*Asks:* 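After the structure tokens below, expect a handful of questions from me.
We use all heavy atoms of the structure for the numbers below, so side chains are in, but hydrogens, waters and symmetry mates are not. Note that this is a predicted model, so its numbers are computed, not measured.
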Amino acid sequence: VAAVVTVGTNVTIAVATGLVGQFGPAAIAGYGTGSRLEYLLVPLVFGLGGPLVAIVGTNIGAGQRERALRAAWIGAAMAAVLCELIGLWAAAFPRTWLSLFDTDPAMLDVGAGYLQTVGPFYGLFGLGMALYFASQGAGRLVWPLLGNVTRLLIAAGVGWLVLRWSGGLNQVFLAQSAGLAVFGLIN
């Protein structure tokens, strides 16, 4: 089940790349560069989440459910705060990140639009990922799986619909934001 969550995250990014690709190479470059920051959040959260698997699992096994819950929420809060700080920084100063990779104005505009729209939701992504790890320790992966599938459906389905109805790239990014928010909140 844990592998399905990982695959779902990658499929979400791939589908979004396909949606954004309809706006041309500069749009793909901008989105791709911006979304790589999300990928870099995964190892950051893994640094907190890996130990959460053991801490939560050990406490569940010892019958210390309250202690396991407290550890899960502390770890999730730490991940959420760290990811939110990065997301807010990226939203406020998107060109700092993007210009590390290219200086094409069209790429910078699309990437900035992505980071300004999705970056403020990175905290919920961190929250959801940390709780996903805690859920592994508890041996209960139904909610993380449901959260990830729902994220995929929103990002892909709603993203596709708004692209067809409005034709705007920003609406696709809003769908990505909604998907991240739902992922974190469901977990």
Side-chain angles (χ1 to χ4, degrees), residues 1-20 31 34-61 63-84 86-87 114 117-165 171-187:
V1 174
V4 173
V5 173
T6 300
V7 169
T9 298
N10 289 310
V11 169
T12 300
I13 298 288
V15 168
T17 301
L19 295 173
V20 171
Y31 168 74
S35 67
R36 290 307 164 259
L37 191 55
E38 178 184 328
Y39 271 127
L40 290 176
L41 296 177
V42 174
L44 173 71
V45 177
F46 184 81
L48 296 166
L52 276 179
V53 174
I55 292 168
V56 170
T58 299
N59 281 292
I60 292 289
Q64 299 290 326
R65 185 179 183 283
E66 292 302 316
R67 191 172 182 191
L69 269 172
R70 189 171 53 252
W73 282 113
I74 289 170
M78 290 170 62
V81 168
L82 288 171
C83 291
E84 186 63 18
I86 291 168
Y114 168 80
T117 305
V118 181
F121 293 89
Y122 280 175
L124 287 170
F125 178 68
L127 176 76
M129 287 298 293
L131 291 174
Y132 155 67
F133 285 112
S135 295
Q136 284 183 10
R140 298 179 180 224
L141 288 168
V142 172
W143 288 108
L145 179 62
L146 180 63
N148 199 273
V149 169
T150 305
R151 175 190 178 193
L152 175 60
L153 291 174
I154 290 171
V158 174
W160 182 81
L161 287 173
V162 297
L163 184 60
R164 297 295 170 249
W165 291 337
Q171 286 75 20
V172 173
F173 295 155
L174 287 171
Q176 302 301 308
S177 298
L180 281 180
V182 167
F183 172 71
L185 294 172
I186 286 177
N187 278 341

*Asks:* Show every donor-acceptor pair shorter than 3.5 Å between a side-chain atom in residues 177-187 and any protein atom, with sequence neighbours excluded, or say none if there are none.
*Replies:*
{"residue": "S177", "atom": "OG", "partner": "T117", "partner atom": "O", "Å": "2.9"}
{"residue": "S177", "atom": "OG", "partner": "F173", "partner atom": "O", "Å": "3.1"}
{"residue": "N187", "atom": "ND2", "partner": "G128", "partner atom": "O", "Å": "2.9"}

*Asks:* Looking only at heavy atoms, what is the nearest atom pair of L52 and A76, with distance?
*Replies:*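 Closest pair (atom of L52, atom of A76, distance): CD1-N, 4.4 Å.
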*Asks:* At what distance, to the nearest 0.5 angstrom, does CE of M129 lie from OG1 of T9?
*Replies:*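 If we round to the nearest 0.5 Å, M129:CE and T9:OG1 are 6.0 Å apart.
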*Asks:* Tell me every residue that passes ring-ring contact (aromatic ring centres under 6.0 Å, His included) with F46, counting only those two or more places apart in sequence or in another chain.
*Replies:*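 Residues passing ring-ring contact (aromatic ring centres under 6.0 Å, His included) with F46: F133.
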*Asks:* Hey, could you give me the CG/CZ distance between N59 and R65, rounded to the nearest 0.5 Å?
*Replies:*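 Going from the CG atom of N59 to the CZ atom of R65 covers 12.0 Å.
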*Asks:* Under 4.5 Å between any side-chain heavy atoms of Y114 and V172, yes or no?
*Replies:*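 Side-chain contact under 4.5 Å: no.
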*Asks:* Going by atom type alone, with no hydrogens or angles, which donor-acceptor pairs under 3.5 Å involve a side-chain atom of residues 134-142 and a protein atom two or more places apart or on another chain?
*Replies:*
{"residue": "S135", "atom": "OG", "partner": "L131", "partner atom": "O", "Å": "2.8"}
{"residue": "Q136", "atom": "NE2", "partner": "Y132", "partner atom": "OH", "Å": "2.9"}

*Asks:* Can you see which heavy atom on A130 is nearest to which on V45, and at what distance?
*Replies:*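 In terms of heavy atoms, the two residues are closest at N-CG1, 3.6 Å.
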*Asks:* Could you go through Q171 and V158, starting from their C-alpha distance and side-chain angles, then the distance that decides it, and tell me whether this counts as side-chain contact (heavy atoms from CB on, under 4.5 Å)?
*Replies:* CA-CA 9 Å; Q171 286 75 20; V158 174; over 6 Å; no
*Asks:* Does the pair T12 and Q176 meet the rule for a side-chain contact (heavy atoms from CB on, under 4.5 Å), with working shown?
*Replies:* CA-CA 9 Å; T12 300; Q176 302 301 308; 4.1 Å; yes
*Asks:* Walk me through whether L152 and V11 qualify under side-chain contact (heavy atoms from CB on, under 4.5 Å).
*Replies:* CA-CA 7 Å; L152 175 60; V11 169; 3.7 Å; yes
*Asks:* Closest approach of M78 and L48, non-hydrogen atoms and distance?
*Replies:*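 Heavy atoms of M78 and L48 come nearest at CE-CD2, 3.8 Å.
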*Asks:* My understanding is that only residues two or more places apart in sequence, or in another chain, count here; which of them pass side chain to side chain contact (heavy atoms under 4.5 Å, CB included) with A71?
*Replies:*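 Side chain to side chain contact (heavy atoms under 4.5 Å, CB included) check on A71 returns I55.
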*Asks:* Between E84 and G123, which heavy-atom pair has the shortest distance, and what is it?
*Replies:*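 Looks like OE1-N, 2.9 Å.
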*Asks:* Restricting to ring-ring contact (aromatic ring centres under 6.0 Å, His included), what partner residues turn up for Y122, sequence neighbours left out?
*Replies:*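 Testing Y122 for ring-ring contact (aromatic ring centres under 6.0 Å, His included), a comparison that skips the adjacent residues, returns none.
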*Asks:* List for me each residue that meets side chain to side chain contact (heavy atoms under 4.5 Å, CB included) alongside I86, sequence neighbours excluded, and say none if there are none.
*Replies:*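 Partners of I86 under the side chain to side chain contact (heavy atoms under 4.5 Å, CB included) test: L37, L41, L44.
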*Asks:* Identify the two heavy atoms, one from A155 and one from L19, that lie closest to each other, and give their separation to 0.1 Å.
*Replies:*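 In this case the closest contact between A155 and L19 is O-CD1, 3.9 Å.
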*Asks:* Please give me the minimum heavy-atom distance between N148 and V4, naming the atom from each residue.
*Replies:*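 Closest heavy-atom pair between N148 and V4: OD1-O, 4.4 Å.
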